[in-house]
Protein chains: 2
Amino acid sequence: MRKKASVIAIGNEILMGEITDTNSTFISRKLFEKGILTVVRLQIPDKREDIEQALRFCMEKSNIIITTGGLGPTNDDITKKTIANFLGRDLVLVDDLKNWVEGFFQRRGIPMSDVNLSQAEIIEGSRYIMNPIGTAPAIIINVGKKKIAMFPGVPSELYVMFDKFLEGIEGSIPVTTLLRTTGIAESDIYNEVKKDAPQKIQKIIYYYPTWRGVDLRIVSYDIDLQKDAVNFLKHKFGNYIYSLEEKEIEEIVGIMLRNKGISISVAESCTGGLVADYITDVPGSSDYFIGGVVAYSNKSKINILGVRQNDIDRFGAVSEIVAREMAEGVKSLFNADIGVSTTGIAGPTGERPGKPLGLVYMAVSYKNETIVKKQIFLSPRKRVKVAAATFLLNMVREVIKG
Amino acid sequence: MRKKASVIAIGNEILMGEITDTNSTFISRKLFEKGILTVVRLQIPDKREDIEQALRFCMEKSNIIITTGGLGPTNDDITKKTIANFLGRDLVLVDDLKNWVEGFFQRRGIPMSDVNLSQAEIIEGSRYIMNPIGTAPAIIINVGKKKIAMFPGVPSELYVMFDKFLEGIEGSIPVTTLLRTTGIAESDIYNEVKKDAPQKIQKIIYYYPTWRGVDLRIVSYDIDLQKDAVNFLKHKFGNYIYSLEEKEIEEIVGIMLRNKGISISVAESCTGGLVADYITDVPGSSDYFIGGVVAYSNKSKINILGVRQNDIDRFGAVSEIVAREMAEGVKSLFNADIGVSTTGIAGPTGERPGKPLGLVYMAVSYKNETIVKKQIFLSPRKRVKVAAATFLLNMVREVIKG
């Protein structure tokens with residue numbers, strides 16, 4: 001029989017609408033990829049009766065109950081003790097966890113208040129997953145044939161421990177393949193699929209658009225059909241597919257740069273530092289990333305990057321030639337193998353005749369060649385920045401993959 | 001008596017983790033601003049039994065039950081007929097709605113299939129709100145003293161009709177104040193509050209930590225008590241509070257820079273472009289942001305920013321003196337009024353004796369003075385970047401607020 005899961009997000013801030021509960025989305029998707037369906041999700045306040053009621057509700061409907069939130073050290077964090085109480089069990093201190101929590105503060109040279117020691121307690125008879133970036137471990141407890149798993153509400157902590165948790169769970173056969181794309185609109189993919197793919201392939205393709213691109217997930221228990229779908233998509237959208245794993249484009253490009261011993265530098269106008277930010281999000285990026293310039297003013301484009309005043313006057317700062325000069329300029333400034341650049345109109349103002357909002361020129365200069373591409377990205381401002389930065393990184397991938 | 005609400009989001013795609021349920025966040029926040037607390041939220045599949053069970057669950061806990069999703073014209077949209085059935089009522093066709101739906105297709109020159117006529121049906125005894133941008137109206141029905149309100153799942157359609165719905169709802173007085181802080185840990189605020197604030201003030205302070213800082217929300221129907229809490233927090237944590245509105249620190253600093261006619265430039269090592277990215281997220285930032293340098297290598301710190309080789313050799317690139325020279329160097333490079341800088345160890349590697357992971361020096365150079373501060377931020381890498389960039393922007397605020 002197929003396993004069923006339910007998710008309970010605990011926290012007043014969620015019910016006050018302060019934060020969006022992306023954790024539950026993450027959990028549902030991860031479970032779904034493993035063939036486990038989420039049958040219900042609840043968001044409830046940090047209140048004993050509500051937690052107990054939600055547990056009863058979910059235990060009836062599912063075999064796996066996941067909770068997030070309420071595992072911090074303060075008074076309003078009551079998930080752990082409420083669930084212990086609900087199951088009629090005690091909390092017990094775990095020495096390894098105590099050492100971890102103490103070390104966590106020591107390593108950072110921060111004095112630890114005693115309240116944090118509660119983080120080292122788990123429920124009697126449960127097992128835990130160490131939290132590599134925080135103090136609250138995940139706690140998993142079997143109740144008859146069912147499983148309750150508690151995770152902290154901090155997304156990054158949840159993400160890293162949830163993957164560990166899933167390794168220990170037998171799913172139904174995980175029969176999904178991920179294809180990550182960037183630089184093509186969801187509707188363009190959808191229309192092509194609708195036009196050319198057989199009906200049964202259409203039905204197993206799921207679309208997850210973000211500002212950075214569109215993830216495609218193929219979900220089917222029929223392995224051959226799945227392969228057919230992957231081949232269809234690869235054939236149609238090959239240039240836009242940058243990964244078949246969870247990795248971001250900057251990780252993919254980072255690995256390629258490292259392996260090939262190629263260094264990179266960045267000149268940014270409309271992306272305003274975001275390209276450099278993405279690149280330096282990758283641990284160890286200092287091995288291939290030398291530096292960048294955010295040249296927001298024309299003067300800085302001219303003085304620091306060597307863009308020609310004359311070209312700005314003739315073609316404007318948002319133009320193919322300026323993108324080209326920026327990429328070549330930053331490459332020589334940092335003495336890097338690759339120079340890349342962006343110049344565009346992020347909005348909401350700055351539109352001019354022939355230069356619509358969202359227009360961005362992006363250049364990659366490598367060896368003796370500089371490639372410039374032009375795109376019009378959708379508003380708002382941040383979306384233009386994100387889409388352009390991602391598009392540019394995919395251009396780098398294309399250029400060096402050779 | 002205080003009104004209580006619950007929210008039921010209906011749709012298989014939500015439970016597969018395909019989309020994040022931002023509708024429920026929107027609804028909770030709108031209700032909360034009107035003094036109505038959401039006591040529970042559920043996400044359930046498009047299934048009759050699940051909808052009925054969720055309704056029973058929510059009718060017990062709240063006076064206002066909001067549903068989203070399942071109001072489309074196709075077979076899997078079953079919300080309306082399921083709720084009608086649950087209440088033992090019929091669906092009735094409304095002429096005005098029929099005209100609207102037909103006109104909707106006519107105006108777009110699209111032939112209408114008959115299935116769309118179901119969009120003109122409402123539940124017997126209910127009232128509706130016309131959907132100005134789609135075909136599914138919101139439907140509101142009183143059940144005894146309780147109210148069930150159904151909205152479509154398309155966010156833009158929900159938003160516009162929900163505001164209309166709220167106009168017809170009497171709320172309680174909305175009584176919350178927001179204080180946004182950065183540069184101080186949640187546990188430090190918590191401990192100080194616990195130590196020095198009267199019990200009744202402690203009870204109305206809610207903590208929302210993110211990597212950028214800790215938001216504090218004071219929630220009370222007692223206006224005087226609320227003021228006391230705000231004053232207490234301002235007195236204790238004044239330097240860390242950068243806003244009493246939803247605004248981000250870069251918006252606050254941006255407004256100050258613009259009003260004072262001060263320009264800024266940025267030199268980044270460990271934050272890798274994120275400070276510039278934050279600053280340029282603000283529309284119109286080109287008025288005061290001139291540019292930035294991401295100096296990841298020592299060579300670029302020396303060649304472009306004028307940091308002294310000798311100081312790097314003696315004190316290391318992560319040091320007070322290098323932070324100072326970077327800020328002063330970038331200020332003069334861009335000829336800006338302010339130069340700021342970051343240099344630190346974002347991790348996960350790079351730790352050295354006396355230089356722990358997360359150590360960051362940040363400098364602000366303005367007029368004839370350069371201020372340098374040192375902090376140790378928590379892992380992971382991205383968190384160090386985010387916390388340092390935010391801390392630095394708050395330093396700018398402190399320096400120019402004068």
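Naming convention: chains lettered A, B, ... in sequence-line order (proteins, then strands); numbering from 1 in each chain.
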(request) Apply the test side chain to side chain contact (heavy atoms under 4.5 Å, CB included) to residues A:Arg29 and B:Thr20: give CA-CA distance (whole Å), side-chain angles for both, the deciding distance (0.1 Å), then the verdict. (result) CA-CA 10 Å; A:Arg29 197 174 68 195; B:Thr20 295; over 6 Å; no
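- With a 4.5 Å cut-off on side-chain heavy atoms, A:Leu42 and B:Val40 count as touching.
- Between chain A and the options B:Lys47, B:Lys30, B:Lys61, heavy-atom pairs under 4.5 Å are most frequent for B:Lys61.
- The nearest pair of heavy atoms linking A:Asp277 to B:Gly273 is CB-C, 4.2 Å.
- In this structure, the side chains of A:Val294 and B:Val266 stay at 4.5 Å or more apart for every pair of heavy atoms.
- Of the residues considered (A:Ala54, A:Ser285, A:Ala5), A:Ser285 shows the highest number of contacts with chain B, using heavy-atom pairs under 4.5 Å.
- Between chain A and the options B:Val293, B:Leu178, B:Ile376, B:Leu274, heavy-atom pairs under 4.5 Å are most frequent for B:Leu274.
- With respect to chain B, the highest number of heavy-atom pairs below 4.5 Å among A:Ala276, A:Gly11, A:Gly291, A:Gly292 belongs to A:Gly292.
- How far OG of A:Ser6 is from CG of B:Leu15: 10.5 Å, rounded to the nearest 0.5 Å.
- Ranked by heavy-atom pairs under 4.5 Å with chain A, the first of B:Gln202, B:Lys301, B:Gln53, B:Glu13 is B:Gln53.
- Residues A:Pro73 and B:Tyr190 are not in side-chain contact: their nearest non-hydrogen atoms beyond the backbone lie 4.5 Å or more apart.
- Contacts between B:Ser379 and chain A at a heavy-atom distance below 4.5 Å involve backbone atoms as well as side-chain atoms.
- Surrounding NZ of A:Lys299 are at most 12 heavy atoms belonging to other residues, nucleotides or ligands under 6.0 Å away.
- Proximity of B:Arg381 to A:Ile133: side-chain heavy atoms (C-beta onward) are nowhere separated by under 4.5 Å.
- Scored by the side-chain contact (heavy atoms from CB on, under 4.5 Å) test, A:Glu251 finds A:Lys247, A:Glu248, A:Val282 as partners (sequence neighbours excluded).
- Highest contact tally toward chain A, considering only B:Phe57, B:Tyr206, B:Trp211, B:Phe26, is held by B:Phe57 [criterion: heavy-atom pairs under 4.5 Å].
- A side-chain donor-acceptor contact under 3.5 Å links B:Thr280 and A:Lys385.
- Residue B:Glu351 holds its CD atom at 8.5 Å from CZ of A:Arg107, rounded to the nearest 0.5 Å.
- When heavy atoms are compared at a cutoff of 4.5 Å, B:Asn191 approaches chain A solely by way of its side chain, counted from C-beta outward.
- In terms of heavy-atom pairs under 4.5 angstrom with chain B, the leader among A:Pro348, A:Ala389, A:Ser28, A:Ala346 is A:Ser28.
- For the options A:Ser156, A:Pro380, A:Gly284, A:Ala267, heavy-atom pairs under 4.5 Å to chain B are most numerous at A:Ser156.
- Contacts between A:Ser286 and chain B at a heavy-atom distance below 4.5 Å involve backbone atoms as well as side-chain atoms.
- By the 4.5 Å heavy-atom criterion applied to side chains, A:Phe104 and B:Leu378 are counted as neighbours.
- The most heavy-atom pairs under 4.5 Å with chain A, out of B:Cys270, B:Ser269, B:Ser265, B:Ser297, come from B:Ser297.
- Considering all non-hydrogen atoms of both residues, B:Ile19 and A:Thr25 come closest at O-CG2, 3.7 Å.
- In terms of heavy-atom pairs under 4.5 Å with chain A, the best-connected choice from B:Tyr278, B:Phe289, B:Tyr207 is B:Phe289.
- Side-chain atoms of A:Val219 and B:Met16, non-hydrogen and from C-beta on, never get closer than 4.5 Å to each other.
- A heavy-atom distance below 4.5 Å is not found between the side chains of B:Ser24 and A:Arg41.
- Both the backbone and the side chain of A:Tyr296 have a heavy atom closer than 4.5 Å to some heavy atom of chain B.
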(request) Carefully, step by step, assess A:Leu333 and B:Ile304 under the rule side chain to side chain contact (heavy atoms under 4.5 Å, CB included). (result) CA-CA 8 Å; A:Leu333 178 69; B:Ile304 302 177; 3.7 Å; yes
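- Under the 4.5 Å side-chain criterion, counting only non-hydrogen atoms from C-beta, B:Lys194 is not in contact with A:Ser113.
- For chain A, the nearby parts of B:Pro283 are the backbone and the side chain; heavy atoms of each come within less than 4.5 Å.
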